[in-house]
Amino acid sequence: MGIWSFWLILGVGFLVAELLTLSTTCLYVGIGAIIAMVAAILGGEWIATLVTFVVSTGVLFLATYHWRHRLIDYLHRGSRHAATGMDALIGRTGTAFEAPDCMRMRIDGDIWQIRPARHGATLMPGDEVRVVGYDSIILSVEVIQP
């Protein structure tokens with residue numbers, strides 16, 4: 001088994017990893033390993049192929065640095081990132097009600113403390129409100145105008 005087979009296995013491994021991560025880092029290393037494999041097939045020894053690998057990976061990274069964000073956006077096209085945790089509450093609506101010490105609203109069976117998003121705005125029991133943000137576990141809401 002020659003040097004070229006090491007670079008082939010390394011290159012294919014990183015290209016498969018790129019398919020799973022879509023981060024472009026593995027893409028540069030995988031292509032660099034394939035270029036080092038070609039250098040090994042052309043008769044290069046370990047040191048020459050290692051230098052070829054490092055230089056080609058560096059050149060690929062530097063040459064595409066300014067276009068990397070476009071490449072990442074292209075690779076991630078069609079994927080949806082669902083909001084989770086507190087971010088999933090933004091945009092939800094409900095009815096404000098008064099508790100003994102503050103205003104609250106119910107979302108999916110959970111009761112949340114709420115406050116107006118705009119300073120000076122007031123909330124009344126029965127107001128239909130929409131969540132626009134949060135601070136810790138207190139939701140910032142705005143009244144939905146009928």
For this session: Please indicate whether Ile137 has more than 12 foreign heavy atoms, meaning atoms of other residues, nucleotides or ligands, lying under 6.0 Å from its CD1.
Result: no
Under 4.5 Å between side-chain heavy atoms, counting indirect links through other Ile/Leu/Val/Met/Phe/Trp/Tyr residues: same cluster for [X] and [Y] or not?
{"X": "Ile35", "Y": "Leu62", "result": "yes"}
{"X": "Val16", "Y": "Phe6", "result": "yes"}
{"X": "Ile144", "Y": "Phe97", "result": "no"}
{"X": "Leu42", "Y": "Val54", "result": "yes"}

Passes side chain to side chain contact (heavy atoms under 4.5 Å, CB included), Leu50 versus Trp7? Steps please. CA-CA 9 Å; Leu50 185 61; Trp7 292 114; 4.1 Å; yes
Could you tell me if the side chain of [Y] sits less than 4.5 Å from the side chain of [X], heavy atoms only?
{"X": "Thr49", "Y": "Met37", "value": "no"}
{"X": "Tyr134", "Y": "Asp87", "value": "yes"}
{"X": "Val131", "Y": "Met105", "value": "yes"}
{"X": "Ile138", "Y": "Ile114", "value": "no"}
{"X": "Leu123", "Y": "Val143", "value": "yes"}
{"X": "Arg130", "Y": "Val141", "value": "no"}

At their closest point, which heavy atom of [X] faces which heavy atom of [Y], and how far apart are they?
{"X": "Pro125", "Y": "Met103", "value": "N-CE, 3.6 Å"}
{"X": "Ala36", "Y": "Thr52", "value": "CA-CG2, 4.1 Å"}
{"X": "Arg104", "Y": "Ala99", "value": "NE-CB, 3.6 Å"}
{"X": "Val132", "Y": "Ala117", "value": "CG2-CB, 3.5 Å"}
{"X": "Ile34", "Y": "Gly11", "value": "CD1-CA, 4.1 Å"}

Between the OG atom in Ser140 and the CD1 atom in Ile90, the distance rounded to the nearest 0.5 Å is 9.0 Å
Inset, instruction - Begin from the C-alpha positions of Arg92 and Trp112 and carry the test side chain to side chain contact (heavy atoms under 4.5 Å, CB included) through to its verdict. - result: CA-CA 12 Å; Arg92 301 293 301 270; Trp112 295 90; over 6 Å; no
Report the C-alpha separation of Asp135 and Arg115 in whole Å, then their side-chain angles, then the decisive distance to 0.1 Å, and conclude whether the side chain to side chain contact (heavy atoms under 4.5 Å, CB included) test is met.
CA-CA 10 Å; Asp135 181 22; Arg115 68 173 171 221; 3.1 Å; yes
Ring centroid separation Trp46 to Phe53 under 6.0 Å:
no
> Using a distance-only test with no angle check, is there a side-chain donor-acceptor pair under 3.5 angstrom linking Ser56 and Tyr28?
Replying inline: no
| task | For the pair Leu139 and Ile107, evaluate side chain to side chain contact (heavy atoms under 4.5 Å, CB included) and give the outcome as yes or no after the intermediate values. | result | CA-CA 11 Å; Leu139 303 179; Ile107 300 176; 4.0 Å; yes
The side-chain contact (heavy atoms from CB on, under 4.5 Å) partner of Val12 among Ile9, Leu8, Leu15, Leu10 is Leu8
